[in-house]
Colleague: 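The structure is given below, and queries will be raised subsequently.
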Amino acid sequence: MKPEGSYARIYAVVCRIPCGRVSTYGAVARVAGLPGRARQVGYALHALSEEEVPWQRVVNARGQISLGAEAGMNSLQRQMLEAEGVSFDDRGRVNLDEFGWRVNPS
DNA sequence: AGCCTGACTCGGA
DNA sequence: CTCCGAGCCAGGC
């Protein structure tokens with residue numbers, strides 16, 4: 001198993017997130033086969049920087065955008081999600097109970 | 001080789 | 001509900 005393989009897993013999971021839905025780093029990590037390595041998920045996405053992967057649909061457990069550090073990106077992400085139909089509150093948080101993506105919705 | 005930082009999460013206060 | 005501390009792995013210097 002190559003270390004790069006883990007990254008490909010993360011990208012694959014993110015790509016599986018349907019339009020208008022968001023997921024958390026922990027959830028993606030778990031589905032990608034990296035339980036507890038949520039941090040690495042964010043790290044992988046940061047290194048990603050590709051438009052082919054909807055990294056914008058990935059937020060933290062609070063449903064808030066953690067990009068803060070990357071100037072401009074956090075605002076951009078919010079607008080992109082809003083364009084997909086995702087609602088944000090005054091604090092810039094998403095209602096995971098509603099837009100939170102479930103791997104297998106019952 | 002080691003040390004520090006980081007797109008995070010969880011449990012407790 | 002929010003805030004704080006500890007744990008986790010990988011990359012950069």
Side-chain angles (χ1 to χ4, degrees):
Chain A
M1 255 315 217
K2 298 181 59 126
E4 259 180 8
S6 306
Y7 278 58
R9 278 264 182 234
I10 296 167
Y11 305 146
V13 175
V14 176
C15 285
R16 278 176 203 182
I17 303 174
C19 183
R21 257 329 92 71
V22 296
S23 186
T24 64
Y25 293 96
V28 173
R30 198 169 175 119
V31 177
L34 306 167
R37 273 128 241 185
R39 250 181 159 177
Q40 219 41 46
V41 175
Y43 210 63
L45 291 177
H46 184 226
L48 200 294
S49 251
E50 287 183 36
E51 300 172 11
E52 301 298 295
V53 181
W55 56 269
Q56 57 203 65
R57 294 176 192 154
V58 184
V59 294
N60 64 8
R62 294 186 284 187
Q64 192 164 37
I65 300 172
S66 315
L67 281 154
E70 303 297 316
M73 266 187 149
N74 78 30
S75 309
L76 182 66
Q77 178 172 12
R78 175 171 172 170
Q79 292 193 42
M80 285 195 289
L81 288 174
E82 284 187 313
E84 294 190 358
V86 180
S87 307
F88 281 78
D89 64 357
D90 291 339
R91 288 240 237 55
R93 294 192 307 183
V94 186
N95 190 342
L96 293 174
D97 189 48
E98 233 187 289
F99 298 101
W101 173 57
R102 293 186 177 183
V103 186
N104 187 350
S106 305

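Computed from a predicted structure; not experimentally measured. Protein chains get the first letters and strands the later ones, always in sequence-line order, with residue 1 at the start of each. What's counted below: heavy atoms across the whole structure, side chains too, no hydrogens, waters or symmetry copies.
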Colleague: Please report, rounded to the nearest Å, how far the C1' atom of B/dC8 is from the CD1 atom of A/Ile10.
Modeller: 12 Å
Colleague: Send over the distance from A/Tyr43 OH to B/dG6 P, rounded to a whole Å.
Modeller: 10 Å
Colleague: A/Tyr7 side chain: which of B/dT9, C/dG7, C/dA10 is closest?
Modeller: C/dA10
Colleague: Looking at every heavy atom in both A/Asn60 and A/Leu96, which two are closest together, and how far apart are they?
Modeller: O-CD1, 4.3 Å
Colleague: Please classify the nucleic acid contact of A/Arg93 as base, sugar-phosphate, or nothing, using heavy-atom distances under 4.0 Å.
Modeller: sugar-phosphate
Colleague: Rounded to the nearest Å, what distance is computed from the CH2 atom of residue A/Trp55 to the C1' atom of nucleotide B/dC8?
Modeller: 16 Å
Colleague: Using a cut-off of less than 4.0 Å, is there contact between a side-chain N or O of A/Arg91 and OP1 or OP2 of C/dC1?
Modeller: no
Colleague: I need the A/Cys15 SG to A/Glu52 CD distance, nearest 0.5 Å.
Modeller: 8.0 Å
Colleague: Grab the CG-C1' distance between A/Leu48 and C/dG11 for me, whole Å please.
Modeller: 16 Å
Colleague: Can any side-chain N or O of A/Gln64 pair as donor or acceptor with the backbone N or O of A/Arg91 at less than 3.5 Å?
Modeller: yes
Colleague: How close or far is atom P of B/dG11 from atom CZ of A/Arg62, stated in whole angstroms?
Modeller: 15 Å
Colleague: Given B/dA7, C/dC8, B/dT9, which nucleotide is nearest the side-chain atoms of A/Ala61?
Modeller: B/dT9
Colleague: Output, in order, the C-alpha distance, side-chain angles, deciding distance and verdict of side-chain contact (heavy atoms from CB on, under 4.5 Å) for A/Phe88 and A/Phe99.
Modeller: CA-CA 10 Å; A/Phe88 281 78; A/Phe99 298 101; over 6 Å; no
Colleague: Can you figure out which of C/dA10, B/dT9, B/dA7 approaches the side chain of A/Gln40 most closely?
Modeller: C/dA10
Colleague: Just how far, in rounded Å, is P of C/dC8 from OH of A/Tyr25?
Modeller: 21 Å
Colleague: How many whole angstroms separate atom CG of A/Asp89 from atom P of C/dC1?
Modeller: 11 Å
Colleague: If you check every side-chain atom of A/Arg39, which of B/dA7, B/dC8, C/dT2 has the closest atom?
Modeller: B/dC8
Colleague: Let's see if you can work this out: which of C/dT2, B/dA7, B/dC8 has an atom nearest to the side-chain heavy atoms of A/Leu67?
Modeller: B/dA7
Colleague: How long is the line joining CZ of A/Arg37 and P of C/dA6, in whole Å?
Modeller: 21 Å
Colleague: Would you say A/Gln77's side chain and A/Val58's backbone share a donor-acceptor pair under 3.5 angstrom?
Modeller: yes
